[in-house]
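Working notes, beginning with the structure itself.
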Amino acid sequence: MLFSKLLLPTLKDAPQEAEVISHKLMLRAGMVRKVASGIYTWLPMGLKVLRKIENIVREEMDASGAQEVLMPMVQPKELWDETNRWEKMGPELLRIQDRHKRDFCLGPTHEEVITDLIRNNVKSYKELPLNIYQIQTKFRDEVRPRYGVMRGREFLMKDSYSFNIDEACLEETYLTMRNTYKKVLERMNLDYKIVSADSGAIGGDASEEFHVLAETGEDTIAVSDSSEYAINTELLLKDGEDISSLEGKPSPDGKGTIEIKKGIEVGHIFQLGKVYAEDMKANVLNNEGKASTLYMGCYGIGVSRLVAAAIEQNNDDKGIVWPHSIAPFDINIIAIGFEKDQKIAEASYNLYKELIEMGYDVLLDDRKDGFGTKIKDSELIGIPMNIIIGKQFLETEEIEFRTRSGDTSLSKISDSQTILDFFKDK
RNA sequence: CGGGGUAUAGCGCAGUCUGGUAGCGCACUCGCUUUGGGAGCGAGUGGUCGUAAGUUCGAAUCUUACUACCCCGACCA
């Protein structure tokens, strides 16, 4: 992509509406713009990151054996009546009517729609287990949207639903998903904790949350200082107890003592059991030829929230520091004097083409601006690798490589392998 | 919904107390000079001061109502 053609409105000052660092940087780096409270437009730079995360999630889901579908955002009241959630959900469920005055809602989650699909189309235990997922826009009319896309009302989520013949089989799928989520977060290079949780309004038996650790996290979690154990502090507190009183107490798992941390909940996995299947009469025939109520699990990852969470964990005073796997571009070629000097223009354009052919996602900063402007923008938007073609090149044919963290090296432009070797170690 | 705050050009802000017909920095446009850390000079574009009503000869400024947005709390990927 040529920088001069890209809709990338970077800002020197963060708009006053933004409070937390990720929100500020997403606005400054031209990733999103607000349309209404909790509702955002994703600009090209933001969408590129969103798609990269989406693809990591998709790859890992597919690898786990799950199958992708796409369900509607608009859902009829009748389905929600079956589980009584039309009543239970309250004002968070955004209700609308069509031209015939029939009631619908904007989907905040899809248990009803998917269970309806499965009960109508799956008849035998032989077709199980099934794990069906989608990556789709959700709408929850949050009481208080906050922190940009971190808690939007409209947001992108991967939600999956498993259908199992019995509890043991559900447990197995649950563990597979647990592992899948670990892989997703590890591929994104995020520091996270798996936290025992309250299953909340969605209901069911067992549930765990995946938290990306960050100071600005909305949740407080208690972690053991000497094991993997972590639990939502809500589950540990007795009436009237203060969160800080937990610090230093023995960890409930018997290993080490409790530390209090802040986390951003980016994933949540549940063993729902038979709740929804019973309400909606979702059965299959078992191996004895008798109707058997399905066991369900549901598993969510906040894809758009992960964008914000990744920034919360990876930034410095200059801007975003993207983990390589989700950076909007791998390499930014900063061409100084692109407009003026044909030698620079040709060299940088050829290198740009060459790197794209090698499979890299490359940005070429062909703007008329000077070095300062270009490197500031590159640091702000957090491109991991930079190649600077300027004065040095005109004198000695050398170009400079520079990582986002500031490591630099020089090489002849003809030796592009050196470039890649340099970046490979970083 | 309870509490607190903000609203003036795309972004950041001044002007409001003490009413006199809107300004600064950045961005943007044109020209020339620049180009290795957000360049310089010159000339420009852009605002019914959140909305509505009121007070006044005159309102960004005073009064009232409303709206939007942000922060703290209950809820959640």
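Atoms considered below: every heavy atom in the structure, side chains included; atoms not considered: hydrogens, waters and symmetry mates. Order of the sequence lines fixes the chain letters, A, B, ..., with proteins taken first and strands second; residue numbering starts at 1 for each chain.
B:C41 is paired with B:G31 under the Watson-Crick or G-U wobble criterion, all donor-acceptor distances under 3.5 Å. Remark: B:C69 base-pairs with B:G5. Criterion, Watson-Crick or G-U wobble with two distances under 3.5 Å. Applying the Watson-Crick and G-U wobble criteria (two distances, each under 3.5 Å), B:U16 pairs with nothing in any strand. Partner assigned to B:A60 is none, using Watson-Crick or G-U wobble distances below 3.5 angstrom. Of the nucleotides present, none pairs with B:C75 by Watson-Crick or G-U wobble criteria with both distances under 3.5 Å. The nucleotide B:C11 finds its pairing partner in B:G25, both defining distances of the Watson-Crick or G-U wobble pair being shorter than 3.5 Å. Figure legend. B:G47 is base-paired to no nucleotide; pairs are counted as Watson-Crick or G-U wobble with both atom distances under 3.5 Å.
Judged as a ring-ring contact (aromatic ring centres under 6.0 Å, His included), and not counting sequence neighbours, A:F104 has no contacts. Residues meeting the side chain to side chain contact (heavy atoms under 4.5 Å, CB included) test with A:D279, sequence neighbours left out: A:T83. Contacts of A:Y174 classified as ring-ring contact (aromatic ring centres under 6.0 Å, His included), with partners at least two apart in sequence or in another chain: none. Applying the side chain to side chain contact (heavy atoms under 4.5 Å, CB included) criterion to A:T176, with sequence neighbours excluded, gives A:S64, A:T180. By the side chain to side chain contact (heavy atoms under 4.5 Å, CB included) test, A:K138 pairs with A:H110, A:Q134, A:Q136, A:F155, A:M157, A:D159, sequence neighbours left out. With sequence neighbours left out, the salt bridge (Lys or Arg N to Asp or Glu O under 4.0 Å) criterion links A:K374 to A:D365. Annotation: side chain to side chain contact (heavy atoms under 4.5 Å, CB included) contacts of A:A230 (sequence neighbours excluded): A:K193, A:V195, A:V223.
Among the heavy atoms of the strands lying under 4.0 Å from A:E92 are primed sugar atoms or P, OP1, OP2 only; no base atom is included. Across all strands, A:K340 comes closer than 4.0 Å to base atoms (heavy-atom distances). Note on A:G148: nothing from the nucleic acid sits closer than 4.0 angstrom, heavy atoms only. Residue contacts for A:L306: at a heavy-atom cut-off of 4.0 Å it reaches no nucleic acid atom on any strand shown. A:E339 comes within 4.0 angstrom of no nucleic acid atom, judged by non-hydrogen atoms across all strands. Residue contacts shown for A:G300 are absent, as no nucleic acid heavy atom lies under 4.0 Å away. Among the heavy atoms of the strands, none lies under 4.0 Å from A:N386. Heavy atoms of A:V143 sit under 4.0 angstrom from at least one base atom.
Taking only side-chain nitrogens and oxygens, A:R140 never comes nearer than 4.0 Å to OP1 or OP2 of B:C75. An OP1 or OP2 oxygen of B:G73 is reached within less than 4.0 angstrom by a side-chain nitrogen or oxygen of A:R146. Distances shown here put every side-chain N or O of A:Y147 at or beyond 4.0 Å from the OP1 or OP2 atom of B:C76. Within the structure, every side-chain polar atom (N or O) of A:R144 is placed at least 4.0 Å from both OP1 and OP2 of B:C75.
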Practice prompt. Go through A:K77 and A:D81 one step at a time and tell me if the salt bridge (charged side-chain N to carboxylate O under 4.0 Å, His left out) criterion holds.
Written response: CA-CA 6 Å; A:K77 173 173 184 282; A:D81 279 337; 3.0 Å; yes
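Nucleotides B:A9 and B:G3 have their P atoms positioned 30 Å apart, rounded to a whole Å. Atom name P, nucleotides B:G20 and B:G25: the rounded distance is 22 Å, in whole Å. To the nearest whole angstrom, the two P atoms, one in B:U34 and one in B:G46, are 31 Å apart. Annotation: B:C28 and B:G10 have their P atoms spaced 15 Å apart (nearest Å). Comparing the same atom, P, in B:U61 and in B:U6 gives a spacing of 16 Å after rounding to whole Å. Rounded to a whole angstrom, the distance from the P atom of B:G54 to that of B:C69 is 28 Å.
Separating the CG atom of A:L190 from the C1' atom of B:A77 is a distance of 15 Å, rounded to the nearest angstrom. To the nearest angstrom, C1' of B:U35 lies 16 Å from CZ of A:F3. Here the P atom of nucleotide B:C76 and the CG atom of A:L93 are 14 Å apart, to the nearest Å. In this structure, A:K34 atom NZ and B:A7 atom C1' are separated by 11 Å, rounded to whole Å. Between the CG atom of A:L27 and the P atom of B:C69 there is a distance of 15 Å, given to the nearest Å. Counting to the nearest Å, the C1' atom of B:A39 and the NZ atom of A:K391 are 13 Å from each other. Residue A:E142 contributes atom CD, which lies 14 Å from atom P of B:G73 at whole-angstrom precision. Between the P atom of B:G5 and the CD atom of A:E19 lies a distance of 15 Å, rounded to the nearest Å.
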Less than 3.5 Å apart, which donor and acceptor atoms pair up between the side chains of residues 13-20 of chain A and the rest of the protein, not counting sequence neighbours?
from: A:E17; atom 1: OE1; to: A:K34; atom 2: NZ; distance (Å): 3.4

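In this structure, the nucleotide among B:A77, B:G37, B:C76 sitting nearest to the side chain of A:R151 is B:C76. Picking from B:C69, B:A77, B:G38 the nucleotide with the shortest atom distance to the side chain of A:F155 gives B:A77. Of the listed nucleotides (B:U34, B:A77, B:G37), B:A77 has the atom at the smallest distance from the side chain of A:H268.
A distance-only check finds a donor-acceptor pair linking the side chain of A:D316 to the backbone of A:K318 [under 3.5 Å].
Nearest-nucleotide positions on RNA chain B for A:S37 and A:L410 put A:L410 closer to the 5' end. Along RNA chain B, the nucleotide closest to A:L380 and the one closest to A:V303 are compared, and the more 5′ of them pairs with A:L380.
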Interface polar pairs with nucleotides 30-32 of chain B, N/O, under 3.5 angstrom:
none

Measure all distances between protein nitrogen or oxygen atoms and nitrogen or oxygen atoms of nucleotides 10-13 of chain B, and list the pairs falling under 3.5 Å.
from: B:C11; atom 1: O2'; to: A:D13; atom 2: O; distance (Å): 3.0
from: B:G12; atom 1: OP1; to: A:Q16; atom 2: N; distance (Å): 2.5

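Donor-acceptor pairing under 3.5 Å is recorded for the side chains of A:K158 and A:S160.
The shortest side-chain heavy-atom distance between A:N179 and A:Y181 does not fall under the 4.5 Å cut-off.
Ring-plane geometry between A:F270 and A:H268 is classed as parallel, the angle between the planes falling under 30 degrees on a 0 to 90 degree scale with a further cut at 60.
Residue pairs meeting the side-chain hydrogen bond (donor to acceptor under 3.5 Å, both in side chains) criterion with at least one member in residues 294-312 of chain A, sequence neighbours excluded, are A:S22-A:E312, A:S162-A:Y299, A:T216-A:E312.
The environment of A:K249 atom NZ is dense: over 12 non-hydrogen atoms of other residues, nucleotides or ligands sit within 6.0 angstrom.
For residues 369-378 of chain A, proximity to RNA chain B is found at A:D369, A:G370, A:F371, A:G372, A:T373, A:I375, A:K376, A:D377, defined as any non-hydrogen atom under 4.0 angstrom from a strand atom.
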